[in-house]
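Values below: every heavy atom of this structure, side chains too, minus hydrogens, waters and symmetry copies. Keep in mind that this is a model prediction, so the values were computed, not measured.
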Amino acid sequence: MRLSRFFLPVLKETPSDAQIVSHQLMLRAGMIKQNGAGIYSWLPLGLRVLRKIEKIVREEQNRAGAIEVLMPTIQPAELWQESGRYDAYGKEMLRIQDRHDREMLYGPTNEEMITDLFRSYVRSYKQMPLNLYHIQWKFRDEIRPRFGVMRGREFLMKDAYSFDIDEESARKSYYKMFCAYLNTFSRLGLKAIPMRADTGPIGGDLSHEFIILAETGESAVFCDADLVNMAAPGPELDFESDLLPEVEKRTQYYAATEEMHDEARFLSEVPEERRLSARGIEVGHIFYFGDKYSKAMKAVVNGPDGKEVAVQMGSYGIGVSRLVGGIIEACHDEKGVIWPKEIAPFDCAVVNLRAGDDDCDAACEQAYERLINAGFDPLYDDTDDRPGAKLSKLELIGIPSAIVIGPRGLKNGVVELRNRKTGATEEISLDAALNKLTAGV
RNA sequence: CGGGGCGUGGCGCAGUCUGGUAGCGCAUCUGUUUUGGGAACAGAGGGUCGUUGGUUCGAAUCCAGCCGCCCCGACCA
């Protein structure tokens, strides 16, 4: 993409409305535009990141055996009246009426709708286990939206729902998502820590929040430092194998948000040098809730013994749009964003320090084309801004690496290869720079 | 929903206390000179001061209502 033809409205000054760094940087880097309290338009740069996160989430869900569907944003109220949540949900649910005065709502979540989908078609235990997910916009009319896309009212969420014939099988479904989440967040360049979460009236040990550490995190978290640096299972993981060991490897460590924190246990279970108390952002939440909805909504199947049983369900959420902000909170410096490679809006950049100069133009065009031919998605800054302005903008939007080409270097047969994260620069030939970039160095 | 704050060219702000018809920086447009860390000079355009009503000879400024946004709290992917 040529910057001269792209739409990238960056701001030099920090908008006064934004309080936390991710919100400020998203506005400054031209990723989003606010349309109302907690409601945002996604501009081209932001949308690229959102789509990349979505893609990784989708790939890892598929790998774990979940199957994608797409349910609507607008739901009829009847389903929620059936589950009893129409009254229970309160003002966070945006209720609307259509032209026939039918009661509708903008979905804050989809348990009812997925349960209805399931019961419409599934009759036998042989069609299970089943895990259906979708990635869709939700709306929760929060009393006070804040922190940009981290706590918007409208947000993009991946929500998966598992259906099993009994609790044993449901546990296996839960472990699959547990591991899928570890792999997902790892690919996103994050260290996400699974923390025991409140299971409410269902009880049991099957609810975890996935937390990333950030100074601006909303809640205090306490955990064993050894857990934070544990690697994810990785793409070789066989999801049909017994995943309990992978889960237990992590759940054996102490890790809790402030609501679940038990100071006495923390002190006794975690050696002093490994005690980590920090702040965290919740980016995922998985939950086993048994037959809460299947019973209320009569989602029943015939078991092997011919008897009807209400299915066992779990739900698994990832805040896709929230992750954009969350990742920035975890990945930035005073100059701007530092995108992890997999989700950067562009793989790399080519910067022409003297647009209009024949040698610079030619070298840049060559670099740009070769990167495209090598399968990369580069941003080419072909504008006639001053060098300082270009480099600052590049640092603000956080492209991982860049080839900077100027007349001075070309005279000596070199260009500059820059790494956004390390700040390292090296002066080498254009060929060498391209080789390094395309080799993923 | 309780408490606090804000609303003035695209962005960031001053002006409001003490009423006299709007200003600064950045950005934008034109031209010239520039060009390895947010260029300089010259010129230009752009605001019925959130909105409605009131007070006044006169309102960005005083008064009242409404709308919107932000912050703190309870709440949350």
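Residues A:Ser207 and A:His285 are in side-chain contact: their nearest non-hydrogen atoms beyond the backbone lie under 4.5 Å apart.
Across all strands shown, A:Ile143 has heavy atoms under 4.0 Å from base atoms, whether or not it also approaches the sugar-phosphate. Within 4.0 Å of A:Arg418, counting heavy atoms only, lies at least one base atom of the nucleic acid. If you check every strand for non-hydrogen atoms under 4.0 Å, A:Gly148 touches nothing. In this structure, A:Gln34 reaches the sugar-phosphate backbone alone: every heavy-atom distance under 4.0 Å involves primed, P, OP1 or OP2 atoms, never a base. Across all strands, A:Pro9 comes closer than 4.0 Å to no nucleic acid atom at all (heavy-atom distances). A:Gly406 comes within 4.0 angstrom of a nucleotide base, judged by non-hydrogen atoms across all strands. At the heavy-atom level, A:Gly409 lies under 4.0 Å from base atoms of the strands shown.
For A:Arg386, a side-chain nitrogen or oxygen approaches OP1 or OP2 of B:A39 to under 4.0 Å. Contact annotation: A:Arg408 side-chain N/O to B:U35 OP1/OP2 distance is not under 4.0 Å. Applying the 4.0 Å criterion to OP1 and OP2 of B:C26, one finds that A:Lys12 has every side-chain N and O outside that range. A:Ser16 has a side-chain polar atom (N or O) that falls below the 4.0 Å cut-off from OP1 or OP2 of B:G12. For B:C72, one of the phosphate oxygens OP1 or OP2 lies less than 4.0 angstrom from a side-chain nitrogen or oxygen of A:Arg144.
Of all nucleotides present, none satisfies the Watson-Crick or G-U wobble test against B:G47 with each distance under 3.5 Å. Nucleotide B:A39 forms a Watson-Crick or G-U wobble pair with B:U33, both donor-acceptor distances falling under 3.5 Å. The partner of B:U56 is absent, by the rule that a Watson-Crick or G-U pair needs both atom distances under 3.5 Å. Under the Watson-Crick or G-U wobble criterion, with both distances below 3.5 Å, B:A27 has no partner in any strand shown. The partner of B:G2, taking Watson-Crick or G-U wobble pairs whose two distances both stay under 3.5 Å, is B:C72. With a 3.5 Å ceiling on both atom-pair distances, B:U18 lacks any Watson-Crick or G-U wobble partner.
Using a 30° and 60° split on the angle between ring planes, A:Phe266 and A:Phe222 fall in the perpendicular class, above 60°. Using the six-membered ring where Trp is involved, A:Tyr40 and A:His23 have ring planes that are perpendicular, over 60° apart on the 30 and 60° scheme. In this structure, A:Tyr174 and A:Tyr316 have tilted ring planes: the angle between them lies in the 30° to 60° band. Aromatic ring orientation, A:Phe287 versus A:Phe289: tilted (interplanar angle from 30° to 60°).
Rounded to whole Å, the C1' atom of B:A64 lies 15 Å from the corresponding atom of B:A59. A gap of 13 Å separates the P atoms of B:G23 and B:G47, to the nearest Å. Taking the P atom of each, B:U52 and B:G43 are spaced 38 Å apart, rounded to whole Å. Comparing the C1' positions of B:G9 and B:G15 gives a spacing of 15 Å, expressed to the nearest Å. Comparing B:G73 with B:U18, their C1' atoms are spaced 37 Å from each other, to the whole Å. To the nearest whole angstrom, the two P atoms, one in B:C11 and one in B:U48, are 14 Å apart. Nucleotides B:U51 and B:G7, compared at atom P, are 13 Å apart to the nearest Å. As rounded to the nearest Å, B:A14 and B:G5 have P atoms that lie 15 Å from one another.
A salt bridge links A:Glu68 to A:Arg58: one of the charged nitrogens lies within less than 4.0 Å of a carboxylate oxygen.
Here the nucleotide nearest the side chain of A:Pro387, chosen from B:A77, B:C69, B:G36, is B:G36. When the nucleotides B:G36, B:A77, B:A74 are ranked by their closest atom to the side chain of A:Glu142, B:A77 comes out on top.
In this structure, A:Lys91 atom NZ and B:C76 atom C1' are separated by 17 Å, rounded to whole Å. Regarding A:Asp159, its CG atom lies at a distance of 10 Å from the C1' atom of B:A77, rounded to whole Å. Regarding A:Asp141, its CG atom lies at a distance of 13 Å from the C1' atom of B:C1, rounded to whole Å. Distance, A:Glu13 CD to B:A27 P: 9 Å, rounded to whole Å. In this structure, A:Gln24 places its CD atom 13 Å from C1' of B:G12, rounding to the nearest Å. Computed from coordinates, the A:Arg151 CZ to B:A74 P distance equals 11 Å when rounded to whole Å. Taking atom CE on A:Met150 and atom P on B:C71, their separation rounds to 12 Å, with Å as the unit. Atom CD in A:Gln19 sits roughly 15 Å away from atom P in B:C6 (whole-Å rounding).
Put simply, the side chain of A:Glu395 and the base of B:G37 share a donor and an acceptor less than 3.5 Å apart. Not a single donor-acceptor contact under 3.5 angstrom links the side-chain atoms of A:Arg140 to the base of B:C76.
Along RNA chain B, the nucleotide nearest to A:Val10 and the one nearest to A:Val149 differ in position, and the one closer to the 5' end is contacted by A:Val10. Heavy-atom nearest nucleotides on RNA chain B were determined for A:Leu156 and for A:Phe147, and the one closer to the 5' end corresponds to A:Phe147.
Summarising the geometry of A:Ala64 relative to A:Phe239, their closest heavy-atom pair is CB-CE2, 3.6 Å, with the distance given to 0.1 Å.
Under a cutoff of 6.0 Å and an axis angle of 45°, A:Arg140 and A:Tyr106 do not form a cation-pi pair.
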